[in-house]
Amino acid sequence: MAYIKFNKSELVNLSYSLKREIILANKTGAYCNTSIVTCNTRRYHGLLAVPVDAFGGKVHLLLSSLDESLELRGKKFNLGIHRYGNIYEPRGHKYIVDFEADPVTKVVYKVGEIYFSKTILLVPNSDRVMIRFDLLESPDSVNLTLRPFLAFRDIHALTCENPDANTEGWEIPNGMAFNLYDGFPDLNMQFNRKDVKFISEPSWYKNITYSDEARRGFPCQEDLFVPGYFETSMKVGDSIIFSAGVDVVTGIKRKFDSIVSGEGEITNNRDLLLHWADIMKRNRKGHKMITAGFSWLGTGLLRETLFALPGLTLYADGNKNEFEEILDNLIADNQERLFHRTTQVESPLFLGQLLERYIDFGADPKAVWDKYGSTVKGILESYLPGKRAEVAMQPNGLLWAQADRKALTWMNAYIDGYPVTERAGYQVETNAFWYETICFALGMEEKFGNKNGGFVKEFSKIAELVKRNYQNTFWNKDAGYLADYVDNDGQHLEVRPNMLFTLACQHPLVEDEIAEMCLNIISKELVTSRGIRTLSPRHSEYQSVYEGSQRERDLSYHNGSTRPSLLAPYAEVCFKFAGESFLSRAEWLVKGFYQDLNKHGVGAFAELYDGDPPHEPHGAIASALSTAALLYVDYLIEKYKEDRK
């Protein structure tokens, strides 16, 4: 029994079905992403997108779609669907009667007396998609035609008819291979049967339109190359398996059956969380990294990895070795950002809190400091005066971050080259991470390092300065909460979630009474049933929905839209102050995400939601930060339940 299903009335209603997406991904970084009726609505949609080593590992779309046609007794039915301008043609979605997801995606069609299904899976640990076509019922044998639409482009771009494209294919066992441009891998399209014929009929299908891109004001049309079509005959009970990948394979049916039988059954919400936690840990050629989200967010990003790593490893399956392996790779890959220059100044400073969580989870503190101590100290020293252009410690011990027309924190949306939320000056969360990492480093160095060394002497004084000046700098007694940032004009009192990070630190920077007042403001003005708002609705710049043009969405991105990822520090702080009495509230906070599993990315956890009810999901359809936060909150819930027994 599938965990997620859609019925015929939902599927044939394009205003409903086109907003719900299939998202299949694997640990190599490949993905398959389209709507539940297999009509592509985004430039990122396609049946097979893969990282291409020749292009720096950037993900490129090879196979956009595959149109199926059935012919019975001379009458032909096209099951595909594309949009050209404002017209959908063909309209194969009208034949869909059932859809189910997890553990594999299956679409069922009814064409007169014919019942026909296709089952789509992305091969684990391989750049390959496989689709099985089954003729379930029919009064006679049918002729099946499959027409591939080739893209061969960066997933962020669009393509057009190109006379320089190499449109000549070549035969391979049970199929054909194509490669339109130099540098790309071959696209090998094969079948499990030898009687599938390829008929060459090269053509460019022009002005295929992506409705989501059009709605957002982006370029939205492209031309795709169709080299011809594959055809074969099917009788009731027949299964035909189509394989498209970067390598030539054998034993296609055996591979497909083995993958399906090996798929773990999705029976509950945690199964889905664990599934995505596993997929987000990309392992390409033995180099493990975190993918921030599918289908367009990057892999190996500093902030996203540091914040998501505990949730995707420790709080998912307790894998400490994988935690360290991914962290080691991140440090090796981000030397410039960690020690010299970054546009997210708070990110390197989160390493201290990350390692604190690791130790709290059971890691040996001495081993942790022996391995990562020099990195932590090097990061802290890089924030001293004269080391970085974008941020430096001031005489009061606090960090001042400022660069012309640059947003230097995670709130980094831009419009026409200007940051929407620049926040130049003293930032509340950056300085909280600064103090937390200093305290962590001092504690570790005094226990396991050189307690009489220059680092301890210098940073002990800095810690005292930060402790003395932080509360006075950010606390506003009249408002009753911490300023979001402070610049030459004084305190900026927008109610944002950044003060939450101060409350989540193990080494307090503000008095308990102040912390509780801040938490009260956050709970009243920012907390929703789909995460934490990025700005209070009371503010004049608050944007209630994340919709419209690129400009409108960028205005909303950090000015009202919610972040599920912020539930991790929020739940941690609430449990710290309220203990097990927060349990029912914590369960309510995560409940809504499981009610939305049939929206946006089907079975996945979205990057963000509208700030106002009904809190529709938006952004990346499968987010590492959201997945990790939900796993951490689940971990805290179970921990407090155990303590209560």
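By convention here, the first residue in the shown sequence is residue 1. Everything numeric here is computed off the predicted structure, so don't read it as measured data.
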Worksheet item: So, is the end of the Arg563 side chain (NZ or CZ) under 6.0 Å from the ring centre of Tyr557 and within 45° of the ring's axis?
Response: yes
Item to complete: Can you sort out the partners of Ala244 under side-chain contact (heavy atoms from CB on, under 4.5 Å), two or more places apart, ordered by chain and number?
Response: Leu63, Val129, Leu187, Met189, Phe242
Worksheet item: Without hydrogens or angle criteria, can the side chains of Asp554 and Gln550 be said to hold a donor-acceptor pair below 3.5 Å?
Response: yes
Response to the item:
Thr267 meets the side chain to side chain donor-acceptor pair (under 3.5 Å) criterion, sequence neighbours left out, with Asp271
Worksheet item: What orientation do Tyr635 and Tyr315 show, parallel under 30°, tilted 30 to 60°, or perpendicular over 60°?
Response: tilted
Item to complete: Give a yes or no on this: more than 12 heavy atoms of other residues, nucleotides or ligands lie within 6.0 Å of atom CD of Glu336.
Response: yes
Worksheet entry | Under the side chain to side chain donor-acceptor pair (under 3.5 Å) test, residues paired with Lys387 that sit two or more places apart | none
Worksheet item: Does a donor on one side chain sit under 3.5 Å from an acceptor on the other, for Arg388 and Ser382?
Response: yes
Fill in: salt bridge (Lys or Arg N to Asp or Glu O under 4.0 Å) between Arg153 and Glu222, worked out
CA-CA 11 Å; Arg153 60 163 172 83; Glu222 74 172 343; 2.8 Å; yes
Fill in: Residue Arg553 excluded, over 12 heavy atoms near CZ under 6.0 Å
yes
Worksheet entry | Any pair counted as ring-ring contact (aromatic ring centres under 6.0 Å, His included), so long as it reaches residues 317-339, sequence neighbours left out | Phe323-Tyr358
Worksheet item: Just by modelled atom types, is the Lys27 backbone N or O under 3.5 Å from a matching donor or acceptor in the Asn283 side chain?
Response: no
Could you list the donor-acceptor pairs under 3.5 angstrom formed by side chains in residues 359-366, with sequence neighbours left out?
| residue | atom | partner | partner atom | Å |
| --- | --- | --- | --- | --- |
| Asp360 | OD2 | Gln506 | NE2 | 2.7 |
| Asp364 | OD1 | Lys366 | N | 3.2 |
| Lys366 | NZ | Asp370 | OD2 | 2.9 |

Item to complete: Examine the side chains of Glu21 and His45 and answer whether a donor and an acceptor come within less than 3.5 Å of each other.
Response: yes
Worksheet item: Mind checking what makes ring pair (Phe, Tyr, Trp, His ring centres under 6.0 Å) contact with Tyr210, not counting sequence neighbours?
Response: none
Fill in: Mutual orientation of the aromatic rings belonging to Trp276 and Phe294 [parallel < 30°, tilted 30-60°, perpendicular > 60°]
tilted
Item to complete: With sequence neighbours left out, write down each residue that passes ring pair (Phe, Tyr, Trp, His ring centres under 6.0 Å) with His507, or none if nothing qualifies.
Response: none
Practice prompt. For the pair Phe184 and His60, evaluate ring-ring contact (aromatic ring centres under 6.0 Å, His included) and give the outcome as yes or no after the intermediate values.
Written response: CA-CA 9 Å; Phe184 280 89; His60 285 67; 5.4 Å; yes
Discussion item. If we count only N and O atoms by modelled type, under 3.5 Å, do the side chains of Thr28 and Asn125 hold a donor and an acceptor together?
Written reply: no
Worksheet item: Applying side chain to side chain donor-acceptor pair (under 3.5 Å), which residue pairs with at least one partner in residues 618-631 are found, sequence neighbours left out?
Response: Asp610-His618, Ser623-Ser626
Worksheet item: Has Arg42 got its NZ or CZ under 6.0 Å from the middle of the six-membered ring of Phe218, at an angle within 45 degrees of the ring axis?
Response: no
Item to complete: Using only heavy-atom distances, determine whether the side chains of Tyr632 and Arg357 contain a donor-acceptor pair under 3.5 Å.
Response: yes
Response to the item:
For His558, the ring pair (Phe, Tyr, Trp, His ring centres under 6.0 Å) test, sequence neighbours excluded, returns Trp410
Worksheet item: Is the closest basic N to carboxylate O distance between Lys288 and Glu324 below 4.0 Å?
Response: no
Worksheet item: Which class fits the ring pair Tyr383 and Trp434: parallel under 30°, tilted 30 to 60°, perpendicular over 60°?
Response: tilted
Sequence neighbours left out, cut at 3.5 Å: what donor-acceptor pairs do the side chains of residues 299-309 make with other protein atoms?
| residue | atom | partner | partner atom | Å |
| --- | --- | --- | --- | --- |
| Thr299 | OG1 | Arg282 | NH1 | 3.4 |
| Thr299 | OG1 | Thr291 | OG1 | 3.1 |
| Thr305 | OG1 | Leu301 | O | 2.7 |

Worksheet item: Would Tyr609 and Phe593 count as a close aromatic pair, with their ring centres under 6.0 Å?
Response: yes
Worksheet item: If you measure only the distance, is there a donor-acceptor pair under 3.5 Å linking the side chains of Asp328 and Tyr372?
Response: yes
Worksheet item: Is the side chain of Glu445 donor-acceptor paired with the backbone N or O of Asn450 at a distance under 3.5 Å, no angle test?
Response: yes
Discussion item. What I'd like to find out is whether the side chain of Leu47 reaches to under 4.5 Å of the side chain of Ile131, using heavy atoms alone.
Written reply: yes
Worksheet item: Do Asp53 and Lys285 sit within salt-bridge range, that is, some charged N less than 4.0 Å from a carboxylate O?
Response: yes
Fill in: Contact check, side chains of Lys377 and Trp369, non-hydrogen atoms, under 4.5 Å
yes
Discussion item. So, using ring pair (Phe, Tyr, Trp, His ring centres under 6.0 Å) as the criterion, who are the partners of Tyr44 when residues are at least two apart?
Written reply: His156, Trp296
Without placing hydrogens or testing angles, list every side-chain donor-acceptor pair under 3.5 Å for residues 247-260, not counting sequence neighbours.
| residue | atom | partner | partner atom | Å |
| --- | --- | --- | --- | --- |
| Lys253 | NZ | Asp257 | OD2 | 2.7 |

Discussion item. Checking Ser64 against Asn40 for the side chain to side chain donor-acceptor pair (under 3.5 Å) test, could you report, in this order, the C-alpha distance in whole Å, the side-chain angles of both residues, the deciding distance, and whether it holds?
Written reply: CA-CA 8 Å; Ser64 178; Asn40 293 340; 3.2 Å; yes
